[in-house]
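Contents: one structure, followed by commentary.
Below, chains carry the letters A, B, ... as their sequence lines are ordered, and counting in each starts from 1.
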Amino acid sequence: MHDIRAIRENPEAFDAALSRRGLAGVSSDILALDAARRAKILEAETAQAAQNAASKEVGAAKARGDTAEFERLRALVSETKAAIAQLMEEAATQDARLRDILSRLPNLPLDQIPDGRDESDNVEIHRWGNPRNFDFTPKEHFEIAGVKPGMDFATAAKLSGSRFVVLRGAVIRVHRALAQFMLDTHITDHDLQEVWTPVLVKEDAMFGTNQLPKFAEDSYQTTNGWWLIPTSEVTLTNSVAGDILEESALPIRMTALSQCFRSEAGSAGKDTTGMLRQHQFEKVEMVTICTPDTALAEHDRMTGCAQAILEKLGLPYRTIVLCTGDMGFGAQKTHDLEVWLPGQNTYREISSVSTCGEFQARRMNARFRQPGGKPEFVATLNGSGLAVGRCLIAVLENGQQADGSVDLPAVLHPYLGGKTRIAADGTLA
RNA sequence: GGACAGGUGGCCGAGUGGUCGAAGGCGCACGCCUGGAAAGUGUGUAGGCGGGGAACCGUCUCGAGGGUUCGAAUCCCUCUCUGUCCGCCA
């Protein structure tokens with residue numbers, strides 16, 4: 001959410017930044033509403049102050065036993081009561097309207113972000129590893145002989161419908177190994193704190209990390225009003241909602257493995273085969289809470305944490321900076337990591353690392369205090385480290401052999417009881 | 001799911017209709033004291049919003065929302081969270 005004061009101080013800059021996202025300037029409307037709102041607040045509070053003063057006089061009259069004066073004043077105050085309540089309500093309505101408008105506007109891109117309309121304008125900043133040369137045509141993950149017995153879409157469809165999967169045997173062991181490997185690496189090498197959180201959350205939490213109000217159709221809601229998190233960014237980030245942290249407590253760097261739930265509304269027909277895009281998947285998420293001036297450094301650090309996972313797994317990838325037109329709603333700056341998928345002969349997104357600046361903190365009212373200072377909003381960052389299902393796909397496709405077996409990365413072997421590959425018949429070997 | 005007890009400032013805790021944003025304590029900050037420290041001692045110490053150049057002023061907030069009242073931390077209603085016991089249960 002945006003700071004109305006910043007818009008007031010420099011509406012031109014605000015509109016200019018919005019236009020870089022391809023949106024029309026709205027500052028004049030917002031400022032008009034803000035002016036009306038402030039005038040109404042002033043009017044209502046001035047009336048309320050008079051009312052409060054009068055009430056004290058009523059009390060004083062009563063205290064000295066002046067019954068006639070007491071009754072006279074009481075009647076007087078009573079008369080204006082309704083009118084003041086009306087004014088206060090109007091002021092509150094104006095305030096809520098402004099908040100609603102502000103909460104539906106996306107974050108502003110940093111100056112350094114490349115301009116662009118869509119993903120074709122993203123800029124590659126880093127590339128690691130060389131795609132393997134296959135002496136056969138590499139298959140997609142669900143076509144590999146050794147994978148097929150362990151990746152069961154038919155049973156999943158019976159249970160739940162499309163965009164679900166049942167995993168078995170070697171495949172699920174590799175999936176589980178990947179998640180454990182990621183967490184262990186983050187905890188041990190990257191000094192992140194592991195957290196386990198609920199996947200059902202209240203509406204406030206979804207508002208805090210900007211899933212609501214604008215993107216309600218992307219997530220699932222239970223009959224009693226809970227929401228299923230689309231990412232544990234929601235729970236990790238909102239864990240500091242409403243807090244005023246000591247500056248010395250920052251940065252807070254967290255990681256969590258969780259189930260994620262997405263309706264995938266609007267992606268009908270995209271990635272319908274395989275387990276690239278599912279309604280339910282696992283992800284190791286990273287979230288950092290820090291001071292705004294350290295956010296960009298933390299952003300690079302977090303990007304490095306995600307990259308390290310891919311490098312240890314030996315998976316070729318590239319890192320891109322998203323252009324203004326492709327960035328997510330809450331981001332000021334985003335790095336996407338795209339892993340090489342030989343079966344698709346292309347790089348596909350496996351991690352998205354964003355800094356939101358103070359955007360989410362303002363929604364959540366999450367603040368910190370410098371010694372003796374006033375509370376200030378924290379900065380929040382989030383990134384996948386990594387999406388486990390997509391990483392599984394990458395491991396399977398990159399490690400596949402001509403005979404339908406899959407060689408597995410060495411760092412996973414300890415998590416697999418020393419086994420090193422999936423044989424063509426689907427067993428761990 | 002049932003019963004009971006509770007949610008007050010950074011923390012503990014007093015406060016059953018007015019002068020209470022709120023005693024007292026702890027913690028913290030600054031000062032005094034000291035060679036230095038401890039102890040002692042003095043002062044200060046919530047946040048949001050609005051007005052103002054500022055000093056400062058107003059308004060709202062005692063879990064949340066509504067109600068009663070001229071006036072609510074205090075009374076009523078709903079919700080929520082926490083604790084304890086019972087039930088159920090991975």
Check: In dot-bracket notation, what is the pairing pattern of RNA chain B, taking Watson-Crick (N1-N3 plus N6-O4 or O6-N4) and G-U wobble (N1-O2 and O6-N3) contacts under 3.5 Å, with [ ] crossing and | for other strands?
Finding: ((((((((.[[[..)..(.....]]]((((((.......))))))((((((....)))))).[[[[[..)....]]]]])))))))....
Give the table of side-chain donor-acceptor pairs shorter than 3.5 Å for residues 98-106 of chain A, with sequence neighbours excluded, one pair per line with atom names and distance.
| residue | atom | partner | partner atom | Å |
| --- | --- | --- | --- | --- |
| A/Asp100 | OD1 | A/Arg104 | NE | 3.3 |
| A/Asp100 | OD2 | A/Arg104 | NE | 3.2 |
| A/Ser103 | OG | A/Arg99 | O | 3.3 |
| A/Ser103 | OG | A/Asp100 | O | 2.9 |

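Neither side chain, A/Lys81 nor A/Gln51, offers a donor N or O lying under 3.5 Å from an acceptor on the other. Neither side chain, A/Gln94 nor A/Glu90, offers a donor N or O lying under 3.5 Å from an acceptor on the other. For the 3.5 Å distance criterion, the side chains of A/Ser263 and A/Asp218 fail to qualify, holding no donor opposite an acceptor.
For the C1' atom pair drawn from B/rG9 and B/rC86, the interatomic distance equals 36 Å after rounding to whole Å. B/rA37 and B/rA29: their P atoms are spaced 14 Å apart (whole Å). B/rC85 and B/rG66: their C1' atoms are spaced 32 Å apart (whole Å). For B/rC62 and B/rA46, the C1' atoms lie 12 Å apart once the distance is rounded to whole Å. For the P atom pair drawn from B/rG47 and B/rC11, the interatomic distance equals 13 Å after rounding to whole Å. Between B/rA72 and B/rC20, the distance separating the two C1' atoms is 11 Å to the nearest Å. On the P atoms, B/rG25 is 25 Å away from B/rU34, given to the nearest whole Å. Spacing between B/rG7 and B/rU61 at atom C1', rounded to whole Å, works out to 15 Å.
Contacts of A/Val58 with the nucleic acid, taken as non-hydrogen atoms under 4.0 Å apart, include base atoms.
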Checklist line | A/Glu264/A/Arg277 under salt bridge (charged side-chain N to carboxylate O under 4.0 Å, His left out): CA gap, chis, key distance, verdict | finding: CA-CA 8 Å; A/Glu264 292 297 341; A/Arg277 191 178 297 276; 3.3 Å; yes
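Residue A/Glu349 comes nearest to A/Arg390 through the heavy atom pair O-NH1, 3.0 Å, listed as atom of the first residue, atom of the second, then distance.
To the nearest angstrom, P of B/rG71 lies 14 Å from CD of A/Glu71. As rounded to whole Å, 13 Å separates atom C1' of B/rU68 from atom CZ of A/Arg74. A straight line from CD of A/Glu203 to P of B/rA64 spans 18 Å, rounded to a whole angstrom. The interatomic distance linking A/Lys81 (NZ) with B/rU69 (C1') rounds to 6 Å, in whole Å. Atom NZ in A/Lys202 sits roughly 10 Å away from atom C1' in B/rG63 (whole-Å rounding).
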Notebook entry, point to check: Can you give one letter per nucleotide of nucleotides 45-60 of chain B, going 5' to 3': B for a protein heavy atom under 4.0 Å from the base, S for sugar-phosphate only, - for none?
Noted result: --SSBSS------BSS
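When ring centroids are compared, A/Phe164 and A/His279 come within the 6.0 Å threshold.
A/Arg348 has no carboxylate O lying under 4.0 Å from a charged side-chain N of A/Glu338, or vice versa, which leaves the two without a salt bridge. A salt bridge is absent between A/Asp243 and A/Arg367; no separation between the charged side-chain nitrogens and carboxylate oxygens falls under 4.0 Å.
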